[in-house]
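Contents: one structure, followed by commentary.
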Amino acid sequence: MNYKCLDDLKTFLSSSYPEIKTGEWDIVPETCPPEMDGDITVNCFRFAKTFRKSPDEIAQKSLEFLLSHPDVEKAEKIKAFVNVTIKGGALHRDTVGKFCLIMESCNVPESQRKRVLVEFSAPNTNKPQHLGHVRNNTIGMSLASLMKRVGHHVFRINLVNDRGIHICKSMIAYQRFGNGCTPESTGKKGDHLVGDFYVKFDGELRKQLKDLKDQNPELKEKTDEELFLQTEIGRAAQEMLLKWEAGDSETIDLWKKMNSWVFAGFEETYKRMGIEFEHTYLESQTYLLGKTLVEENLKKGIFLKRDDGAVFIDLEDMKLGKKVLLRSDGTSVYITQDLGTTLLKYRDYSPDIQIWVVGDEQIHHFKTLFAVLKKMGFPWAENLHHLSYGMVNLPTGKMKSREGTVVDADDLFDEMVSLAKSAAMERVGEGKIPEDIDRRSEIIGIGAIKFNLLKFNPKTTIMFDPQASIKFEGDTGPYVQYACARINSIGRKAKEAGILIQTEVNWNLASSREEKELSVRIMQYPDVLKMAASKMDSSTVSEYLLDLAKSFNRFYREHSILNSDNDELKKTRIALCFRTRDVLADGLRTLTIDVPEAM
RNA sequence: GCGCCCGUAGCUCAAUUGGAUAGAGCGUCUGGCUACGGACCAGAAGGUUAGGGGUUCAAAUCCCUUCGGGCGUACCA
């Protein structure tokens, strides 16, 4: 959908240049810079190429046409930009006047709708989640939500890393230092309890490594990894892994018990963040899948066997070198497992597109994974995407669990929610504490964290400043939520005053710059969503919501709504407010951020 | 060493994918409630887009180069 005058302009230009096919170009209205005079801008540079005429000539022609159009109040041409001021009534008629149409056109056409599988989170069951996981979860969840919002069929998948040497480390430490404690006996959340034993293991390992090096100076140059199996506790962990793989019942029982604690803890964290999955795969059940693939592809000659028995694939032609897929001892490596699970996911969901939300340090891994799958001849391997996101750093530097500088997810949530609560209490004053204060604070606190992570392009490494994030002013989630709350408040007041809310109002009355700006912004919403979905970048949506909320606050400050000069104008402005609120709320929900009724 | 990514206002980040005089928030400074909610609004200061060269009507964006950072480069996950 577009402004009528621009639709007409397109028809006019098409008939002026009949040799150009209409499907090859489009007129997309752009926002007019604030210092310029106009509601929207037509940038003729963009499509002049198609006509093989000078941008200036096209702009001149467009200007003349627009000046004679009944909807246009005035228009001016600067270089190849045509700034158009549309008459208030006509502008609103084409935008907020067709509000249902705007909301409907957020969906991509039926033919472009895909089955999209989004894998994210993928936690390890040996420690609680931290800020880095929160970014992953938030990006994954909002990406899935965004894809769904524009009409795709989405499956959210989690693949929990619940086996391996790191789990055994926690188990060994628990056996030695746990004294049979449980989440109940300690009052600790399960994932935190298990994480504490992981830390204990690390402490003990460090001690043994130091002793080892002190007693054997010749080992000084060796890395901790190289010496791992030379420590007593390292060997114990390795033995436990072998026992686990052999199905030793005592080991399996302990593993099951500790994992169940972690899962219960994760469940709580996920629930608080609003994270859900259509399905959760467990690596303990999938890690052997890739091995069967190896035999088949060896026969086909796609994979090759080395003299020592290791299996590899040659990716030299794709500049990715040679990649080992099976160790010489016959065990599988990381990428082998990923081959297996990718096929499993394909078999279970037959997606058109698979997306992995995984940190950018694994870019190379996914390049090879996709290359191998292409070599294996799967046509769908063309539609695999690694949505790589950057790390989260702190003002003090990188987060390092060993140095205890990680920001724990649960702690962060608690802190933000309690800050939101005290901020809310301060505002309402003594003796007027609303009943739903806790729910409200939860929505605002969690919303602030999510928005703060989603306002950045996923690709960029970001700095998370806890001090700055506790503020609810400026470029934040609460700022957007606040605009909604204000409008809700107006709605309540209007209802009390007995004002009937109408869908048909006289848009001619809303002719101020602020009202038109709001309307123009609302019109952009479907394109913003679709652009964000195609870029797989939710920050496009956050930026837009901030702009829309800003436009609203400007309008709100400049014009009285419930005290408008007459009833007709009052109703028009209320309608404009409600449509604004609906877009803000829809956008926030698309980012998986809740909207409080009041703040 | 090689490969990929990045360098934008004091700080944190944008820039409609090559388009107007590079924009927001925070911080600093100055103003604004007899009002529908001040988690707000208006204004000011702040930039040779790391440096240099090239491509064109037009470059933060594309190419080359220097410098400075990050991440990879496993029979780890």
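Computation of the quantities below employed the complete heavy-atom set of this structure, encompassing side-chain atoms and omitting hydrogens, waters and symmetry-equivalent molecules. Numbers restart at 1 for each chain; the letters A, B, ... are given by sequence-line order, proteins then strands.
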### For A:Asp224, side chain to side chain donor-acceptor pair (under 3.5 Å) partners two or more places apart
none

### Task
Please name all residues satisfying side chain to side chain donor-acceptor pair (under 3.5 Å) with A:Asn126, sequence neighbours left out, ordered by chain then number.
none

Distance in angstrom units between [X] [atom1] and [N] [atom2], rounded:
X	N	atom1	atom2	answer
A:Met391	B:C5	CE	C1'	13 Å
A:Ile27	B:U16	CD1	C1'	16 Å
A:Leu518	B:C41	CG	P	13 Å
A:Tyr544	B:C13	OH	C1'	21 Å
A:Phe472	B:C26	CZ	P	15 Å
A:Leu159	B:A77	CG	C1'	12 Å
A:Asp537	B:U16	CG	P	11 Å

### Task
Establish, yes or no, whether the cationic atom of A:Arg486 lies under 6.0 Å from the six-membered ring centre of A:Tyr556 and within 45° of the ring axis.
yes

### Query
Centre of A:Tyr544's six-membered ring, under 6.0 Å away, within 45 degrees of the axis: is that where NZ or CZ of A:Arg521 sits?
no

Distance, [atom1] atom - from [M] to [N], rounded to whole angstrom:
N	M	atom1	result
B:G54	B:A59	C1'	12 Å
B:C41	B:G27	P	13 Å
B:C5	B:C63	P	9 Å
B:U17	B:C29	C1'	37 Å
B:C6	B:U12	C1'	16 Å
B:U55	B:C13	C1'	30 Å
B:G25	B:G46	C1'	14 Å
B:A44	B:A50	C1'	28 Å

How would you list, by chain and number, every residue that makes a ring pair (Phe, Tyr, Trp, His ring centres under 6.0 Å) with [X], sequence neighbours excluded?
X	result
A:Tyr334	A:His365
A:Phe578	none
A:Phe303	none
A:Tyr198	none

### Query
Across the strands shown, which category fits A:Met599 at heavy-atom distances under 4.0 angstrom: base, sugar-phosphate, nothing?
base

### Task
Would you mind classifying the nucleic acid contact of A:Ala598 as base, sugar-phosphate or nothing, using non-hydrogen atoms under 4.0 angstrom?
base

### Message
Around atom CZ of A:Arg439, are there more than 12 heavy atoms from other residues, nucleotides or ligands closer than 6.0 Å?
### Response
no

## Note on the structure
Which of A:Glu515, A:Glu568, A:Glu514 passes salt bridge (charged side-chain N to carboxylate O under 4.0 Å, His left out) with A:Arg573? Answer is A:Glu515

Verify whether one side chain among [X] and [Y] offers a donor that lies under 3.5 Å from an acceptor in the other.
X	Y	result
A:Ser121	A:His133	no
A:Glu517	A:Ser551	yes
A:Ser539	A:Asn457	no

### Message
Here's a test of your reading of the structure: between A:Ile335 and A:Ser539, which maps to the more 5' nucleotide of RNA chain B?
### Response
A:Ser539

### Along RNA chain B (nearest heavy atom to each residue), the more 5'-positioned of A:Leu546 and A:Glu283
A:Leu546

Detail all sub-3.5 Å separations between protein N/O atoms and N/O atoms belonging to nucleotides 43-47 of chain B.
none

List every contact pair, protein side and nucleotides 17-21 of chain B side both N or O, where the distance is under 3.5 Å.
| unit_1 | atom_1 | unit_2 | atom_2 | d |
| --- | --- | --- | --- | --- |
| B:U17 | OP1 | A:Arg46 | NH1 | 3.1 |
| B:U17 | OP1 | A:Arg46 | NH2 | 3.3 |
| B:U17 | OP2 | A:Arg46 | NH1 | 3.3 |
| B:U17 | O4 | A:Lys535 | NZ | 3.3 |
| B:G19 | O2' | A:Asn43 | ND2 | 3.4 |
| B:A20 | N6 | A:Thr41 | OG1 | 2.8 |
| B:A20 | N6 | A:Asn83 | OD1 | 3.0 |
| B:A20 | N1 | A:Asn83 | OD1 | 3.2 |
| B:A20 | N1 | A:Asn83 | ND2 | 3.2 |

### Query
Which residues satisfy the salt bridge (charged side-chain N to carboxylate O under 4.0 Å, His left out) test with A:Asp39, sequence neighbours excluded?
A:Lys516

OP1 or OP2 of [N] sitting under 4.0 Å from any side-chain N/O of [X]?
X	N	value
A:Asn553	B:C40	no
A:Tyr479	B:C26	no
A:Arg486	B:G38	yes
A:Ser388	B:G72	no

### Query
Between residues 436-454 of chain A and RNA chain B, which residues have a heavy-atom gap below 4.0 Å?
A:Ile444

Would you mind writing out the side-chain donor-acceptor pairs for residues 490-498 of chain A within the sub-3.5 Å range, not counting sequence neighbours?
| unit_1 | atom_1 | unit_2 | atom_2 | d |
| --- | --- | --- | --- | --- |
| A:Arg492 | NH1 | A:Glu597 | OE2 | 3.3 |

#### Entry: Sidechain N-carboxylate O distance under 4.0 Å for A:Asp314, A:Lys323
no

#### Entry: A:Tyr556 aromatic ring stacked with six-membered ring of B:C36, 5.5 Å and 30°
yes

Below 3.5 Å is the cut-off: list the nitrogen or oxygen pairs between protein and nucleotides 27-32 of chain B, distance only.
| unit_1 | atom_1 | unit_2 | atom_2 | d |
| --- | --- | --- | --- | --- |
| B:G32 | N2 | A:Arg557 | NH2 | 3.2 |

